[in-house]
Engineer: 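Got a structure for you, questions after.
Chain identifiers are assigned alphabetically (A, B, ...) following the order of the sequence lines, protein sequences preceding nucleic acid strands; residue numbering begins at 1 within each chain.
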Amino acid sequence: MATPYNHREIEQKWRKNWEKNPVNVNDGKKPKYYCLDMFPYPSGSGLHVGHWRGYVISDVWSRYKMLQGHYVIHPMGWDAFGLPAENYAIKMGTHPRKSTADNISNIKRQINEIAAVYDWDMEVNTTDPEFYKWTQWIFVKMFKEGLAYEKEFPINWCPSCKTGLANEEVVNGCCERCGTGVTKKNLRQWMLRITKYADRLLDDLDKLDWPEKVKKMQADWIGKSYGAEVNFKVDGTDKEITVYTTRPDTLHGATFMVLAPEHEMAKELAVDETKKAVEDYIYQSSMRSSVDRMQDKDKTGVFTGSYAVNPINNKKIPIWLSDYVLADYGTGAIMCVPAHDDRDFAFAKKFGIPIVQVIAKDGQSIDNMEEAYTDAVGVMVNSGDWNGMESAVLKKEAPMMIEKMGLGKKTTNYKLRDWVFSRQRYWGEPIPIIHCPDCGNVPVPEDQLPLLLPEVESYQPTGTGESPLADIEEWVNTACPCCGKPAKRETNTMPQWAGSSWYFLRYVDNKNKEELVSKEKASKNLPVDMYIGGVEHAVLHLLYSRFYTKFLYDIGMVDFEEPFVKLFNQGMITGKNGIKMSKSKGNVVSPDDLVRDYGCDSLRMYEMFVGPPELDAEWDDRGIDGVYRFINRFWNLVMDNKDKNVTATREMIRTRHKMVYDITQRLESFSLNTVISGFMEYNNKMIEMAKKDGIDKETLETSVILMAPFAPHLCEELWEAMGHSESVYENQWPQWDEEAMKDDEKEIAVQINGKTKAVITLAADIDKDSALTAGKEALGDKLSGNIVKEIYVPGRIINIVMK
RNA sequence: GCCGGUGUGGCGGAAUGGCAGACGCACCAGACUCAAAAUCUGGCGAUGGCAACAUCGUACGAGUUCAAGUCUCGUCACCGGCACCA
């Protein structure tokens, strides 16, 4: 018996060896492959087995690509700005820089336990001034291009985090981070004009090899719709109100109009009798939180006292205010066609407004509509010249027709809003803008970047909704770079997304003092070939990164428009009953003990074995025993047979080629759980063969190479034990030969009417007639009655259909 | 409400329309052992039968097919996303 498997010794040994002789080196000849992990926020609680899974997936993929002859760019870094460190600072008085550094060193130690081929020379940290210099630089560039602008308007405000939020950060009316109900607050904010890129962000989704689900989520978020803007005159005045509608075909059915309470004309439409009610309604709406507005589906509203004129039929229709109309979508005003829109219908019913049907469903007009008919299917009625037209046709043509008639114009709309980019917090990149009374907003000159984040005494946001930076007078007061007169610095900081929107560019040139990334290195190493991370970033991070990349493309910094060619979202590892692992739930499983008891290789393989990588999986410690046993059996098989000089039999050769084929196919389709079960199956098969005739060395060596992406220490050790002085990663990924894979004989199920009655073994190349004859023979007595049909699927099945 | 996804043994899960349950966990029995652990061998969907075997079985109901976990239609359940977007 050979030495038993000792994971501690082996793993220590190879860690040291790899440090001296790295296995993933850029010799300048190999083609590059950029495999990127979503970089972590260095939280205080460290890594659990769920984080491991993602990092193991990307490392398996990286090592597989290495074996296919690539130099793999596989970096890691830290998304280290953000609220937790700042809140910790408020509570404990520790500077975020200190707690962040501590967390990073702890997590780095844990990540090293994974034994991934990360290249730490490429490490980046978003809070490093040498990094955020460029985060600020991009902002200055955007400002100069007119993409960053200031605006005062009611933004999403989290009362608990005491900061403004982007639309993307509001989930069901609550703060994405802390879950507190979001309110509106009127504040001066920095905005990024992401809407200017809406069409490109939408259209370029087609180019991406991403999960359809994520592409759809992004498309839905951008929310492009086609329709028309129609102008309505306010009766008795020369004022006009413009509405946006996707259903201009129903224009004749518009019997009232509703404005958002925040609409600029809301107040002036009130007449003496309605003035008080209108002002009350506007005030009440402003006080309601988003959650409130969303939960309460019951329509509220107030009549302004004014009327508009429907331009298509000159009918007078009342103008109402209601908070079901959103101020920041379309024009903040809508025409209401209660017969063909659910919300308008509910509103009209509640307030007794007439309902006029303009599309006849199934050619019928309905007298007392019970619900709105929202399909654009049917013939137009009550619609003047449009009567008799098909609604579906009219829906497409109406925008152009309306434009020709001079009633409005054809237009498109998006749900995507500009990005609220400023935060009233300390631990983020200072926005490099100086407010000068004479020159207006002046960016900090590029040669003066980075604008360092100053020290503060208190991290607590100020009561006025300003950042703690506002309290540092000597920092705030500065000279205008333009005219030299006294001016004030912007005190807001950037959101956490600022650094993560471009970090993947910096890895490949992280020490460059002159440029964000040199053009040469960018075009040589990017874009990212494979991006691996959780699906929770399907909208925010991925959309922002795409936006930044397109901007950098436009200003000539990079020569690609999409940062991530391929995307893989791994599922979450949960505790029992699918409960998310968290410190507060007490169900966090730390990898540390498992690595100690079973070894890194066993944990890596078990992480892959728990289930399909794209699905969530409940963690169960017990399963790792199975993987550990498998590794031991494999170890013993190789160690006991490596020196026996067995000549390969036909069966051994066949098994080897089949193994290469199966494992490669499963890897290519990212079915990593079945790769592991495949190893187990072939291991069982090899053990069985070894018992009979021994096993040849080439088959053993092949299996070691195939397993190397999954169990690196084990495979290096076995490879060395088999007499090789170079690393197992010096090999090329094995190839299979179709001919060699072919079986001589096949087991064929013999069925009557689709039910298996016998199983026979036939020569693989048998002809149809002989196969059927053999099949019928095997059935014997069971074959009674009239044979209607005989089916032979080579290598699989014989089915005799009888009456 | 709309849009996705999923539904298979006690459990995790596997099956290019072709023998459902690979592989593993747990469990049961046997071997080894003074004994236990470890290891090895065998068993392990349900019902009936001593047995060979038979019947049923992939959420539920229809359908297409020689053949359906897989394709089509409908229903239910759970998960995820969006949610008054005019």
Side-chain angles (χ1 to χ4, degrees), chain A residues 4 171-173 211-214 216-221 223-225 227 243-248 250 254 257-258 260 293-299 322-326 328-337 340-344 346-347 374 413-417 535-536 538-539 571-572 578 606 609-612 614-627 629-630 632-633 636 665-666 671 673-684 687 747-759 787-802:
Chain A
V171 177
N172 291 330
E212 288 305 317
K213 179 184 169 178
V214 174
K216 193 169 183 316
M217 279 167 73
Q218 294 222 349
D220 287 350
W221 190 264
K224 186 173 187 174
S225 67
V243 303
Y244 172 68
T245 177
T246 55
R247 293 297 303 276
T250 63
M257 184 181 238
V258 176
R293 269 192 174 198
M294 270 191 308
Q295 275 169 356
D296 186 12
K297 296 271 162 150
D298 197 28
K299 301 279 180 289
S322 176
D323 64 6
Y324 83 89
V325 175
L326 307 174
D328 54 359
Y329 181 78
T331 62
I334 60 169
M335 67 174 211
C336 299
V337 185
H340 303 289
D341 181 280
D342 291 324
R343 296 149 304 180
D344 299 346
F347 196 87
T374 58
N413 243 306
Y414 302 86
K415 289 190 201 177
L416 183 71
R417 308 294 147 77
V535 73
E536 65 273 20
V539 177
M572 202 173 40
Y606 182 54
F609 190 54
V610 284
E614 69 279 10
L615 299 182
D616 292 353
E618 283 180 30
W619 187 261
D620 183 354
D621 268 353
R622 283 178 300 185
I624 196 172
D625 285 314
V627 171
R629 284 175 201 146
F630 154 71
N632 274 281
R633 280 197 293 266
N636 291 336
Q665 295 301 309
R666 293 174 191 191
S671 179
N673 55 325
T674 62
V675 172
I676 306 295
S677 62
F679 285 139
M680 291 171 171
E681 279 174 79
Y682 282 103
N683 189 45
N684 291 343
I687 289 171
E747 287 207 330
I748 311 284
V750 186
Q751 303 181 328
I752 295 176
N753 295 337
K755 301 208 174 196
T756 303
K757 298 293 176 185
V759 177
I787 296 177
V788 182
K789 203 171 177 181
E790 296 174 352
I791 289 146
Y792 171 57
V793 181
R796 295 203 177 267
I797 214 154
I798 290 168
N799 190 12
I800 309 293
V801 187
M802 296 197 308

Engineer: Looking across every strand, which nucleic acid part, if any, lies under 4.0 Å from A:Asn684 by heavy atom: base, sugar-phosphate, or nothing?
Structural biologist: sugar-phosphate
Engineer: If we take the P atom in both B:G24 and B:G42, what is their distance in whole Å?
Structural biologist: 12 Å
Engineer: State the syn/anti category of B:G9 according to its glycosidic angle, syn meaning within 90° of 0.
Structural biologist: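 For B:G9, whose glycosidic angle is within 90° of 0, the conformation is syn.
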Engineer: Please name the residue in the list A:Lys216, A:Lys224, A:Gln218 that meets the side chain to side chain contact (heavy atoms under 4.5 Å, CB included) test with A:Asp220.
Structural biologist: A:Lys216
Engineer: For the side chain of A:Glu790 and the base of B:C66, is some donor closer than 3.5 Å to an acceptor across the two?
Structural biologist: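 Result: no qualifying N/O pair found.
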Engineer: Say you pick atom P in B:G10 and the same atom in B:G5; how far apart are they, in whole Å?
Structural biologist: 28 Å
Engineer: Just to be sure I understand the rule, does A:Tyr414 reach a base, reach only the sugar-phosphate, or reach nothing, if contact means heavy atoms closer than 4.0 Å?
Structural biologist: nothing
Engineer: Mind checking who B:G61 pairs with, Watson-Crick or G-U wobble, both distances under 3.5 Å?
Structural biologist: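 In the structure as shown, B:G61 has B:C73 as its Watson-Crick or wobble partner.
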Engineer: For the side chain of A:Arg622, starting at C-beta, report the closest nucleotide among B:A26, B:C66, B:C84.
Structural biologist: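 Among the listed nucleotides, the one closest to the side chain of A:Arg622 is B:A26.
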Engineer: Would you kindly check if the NZ (Lys) or CZ (Arg) of A:Lys299 is within the cone defined by 45 degrees around the ring axis of A:Tyr324 and under 6.0 Å from the six-membered ring centre?
Structural biologist: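 Cation-pi check for A:Lys299 and A:Tyr324: passes.
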Engineer: Scan every strand shown for a Watson-Crick or G-U wobble partner of B:C23, both distances under 3.5 Å, and answer none if you come up empty.
Structural biologist: B:G12
Engineer: Is the base of B:C84 touched by the side chain of A:Lys299 through a donor-acceptor pair closer than 3.5 angstrom?
Structural biologist: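 Yes, the side chain and the base share a sub-3.5 Å donor-acceptor pair.
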Engineer: Starting the side chain at C-beta, find the nucleotide from B:C19, B:C23, B:C82 nearest to A:Trp221.
Structural biologist: B:C82
Engineer: Heavy atoms under 4.0 Å, any strand shown: does A:Ser322 hit a base, just sugar-phosphate, or nothing?
Structural biologist: nothing
Engineer: Counting heavy atoms from C-beta on, name the nucleotide in B:A86, B:C56, B:C23 closest to the side chain of A:Thr246.
Structural biologist: B:A86
Engineer: Given the C1' atoms of B:A77 and B:A59, what is the spacing between them in whole Å?
Structural biologist: 8 Å
Engineer: Suppose you measure atom P in B:A15 against the same atom in B:G4; what distance do you get, rounded to whole Å?
Structural biologist: 25 Å
Engineer: Provide the distance between the two C1' atoms, one in B:G30 and one in B:G80, to the nearest whole Å.
Structural biologist: 48 Å
Engineer: Taking the side chain of A:Tyr329 as heavy atoms from C-beta outward, which of B:C40, B:A86, B:C84 is closest to it?
Structural biologist: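 Looking only at heavy atoms from C-beta outward on A:Tyr329, the closest nucleotide is B:A86.
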Engineer: Can you find a heavy atom in the side chain of A:Arg247 that is under 4.5 Å from one in the side chain of A:Asp341?
Structural biologist: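 Counting from C-beta outward, A:Arg247 and A:Asp341 never come under 4.5 Å.
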Engineer: Select base, sugar-phosphate, or nothing to describe what A:Val759 touches, counting heavy atoms under 4.0 Å on all strands.
Structural biologist: base
Engineer: With rounding to whole Å, what would you report as the distance between B:U70 and B:U65 at their P atoms?
Structural biologist: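 My reading of the P atoms in B:U70 and B:U65 gives 16 Å.
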Engineer: Pick base, sugar-phosphate or nothing for A:Arg666, based on heavy-atom distances below 4.0 Å to the nucleic acid.
Structural biologist: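 A:Arg666: no heavy atom of the nucleic acid under 4.0 Å.
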Engineer: Just name whichever nucleotide pairs with B:U47, Watson-Crick or G-U, keeping both distances under 3.5 Å, else none.
Structural biologist: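 Pairing partner, where one exists within any strand: B:A54.
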Engineer: Consider the side chain of A:Pro612, meaning its heavy atoms from C-beta on, and name the nucleotide among B:C19, B:A14, B:C3 that approaches it most closely.
Structural biologist: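 Closest nucleotide to the A:Pro612 side chain: B:A14.
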Engineer: Can you tell me if A:Asn673 uses its side chain to pair, donor with acceptor, with the backbone of A:Val610 under 3.5 Å?
Structural biologist: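 The answer is no, because no donor-acceptor pair under 3.5 Å joins these two groups.
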Engineer: Has the side chain of A:Arg796 got a donor or acceptor atom sitting under 3.5 Å from an opposite partner on the base of B:U16?
Structural biologist: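 A donor-acceptor contact between them is present.
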Engineer: Whether A:Asn799 contacts B:G18 is assessed here as follows: a side-chain N or O lying under 4.0 Å from the phosphate OP1 or OP2. Is that the case?
Structural biologist: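 No, outside the criterion.
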Engineer: Does A:Arg629 put a side-chain nitrogen or oxygen below 4.0 Å from OP1 or OP2 of B:G24?
Structural biologist: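 Checking B:G24 against A:Arg629, no side-chain N or O comes under 4.0 Å of OP1 or OP2.
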Engineer: Should A:Lys213 be listed as having a side-chain N or O under 4.0 Å from OP1 or OP2 of B:U6?
Structural biologist: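 For B:U6, OP1/OP2 do not have a side-chain N/O of A:Lys213 under 4.0 Å.
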Engineer: Determine the Euclidean distance between corresponding P atoms of B:A46 and B:A35; express it in Å to zero decimal places.
Structural biologist: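 The same atom, P, in both gives a distance of 33 Å.
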Engineer: For A:Val258 and A:Phe347, work out which heavy atoms get closest and say how close.
Structural biologist: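 Heavy atoms only, the tightest pair is CG2-CE2, 4.3 Å.
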Engineer: Please give the distance between the P atoms of B:A38 and B:A52 as a whole number of Å.
Structural biologist: 32 Å
Engineer: Answer yes or no: is there a donor N or O on one side and an acceptor on the other, between the side chain of A:Arg666 and the main chain of A:Ser677, under 3.5 Å?
Structural biologist: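 Judged by distance alone, no pair lies under 3.5 Å.
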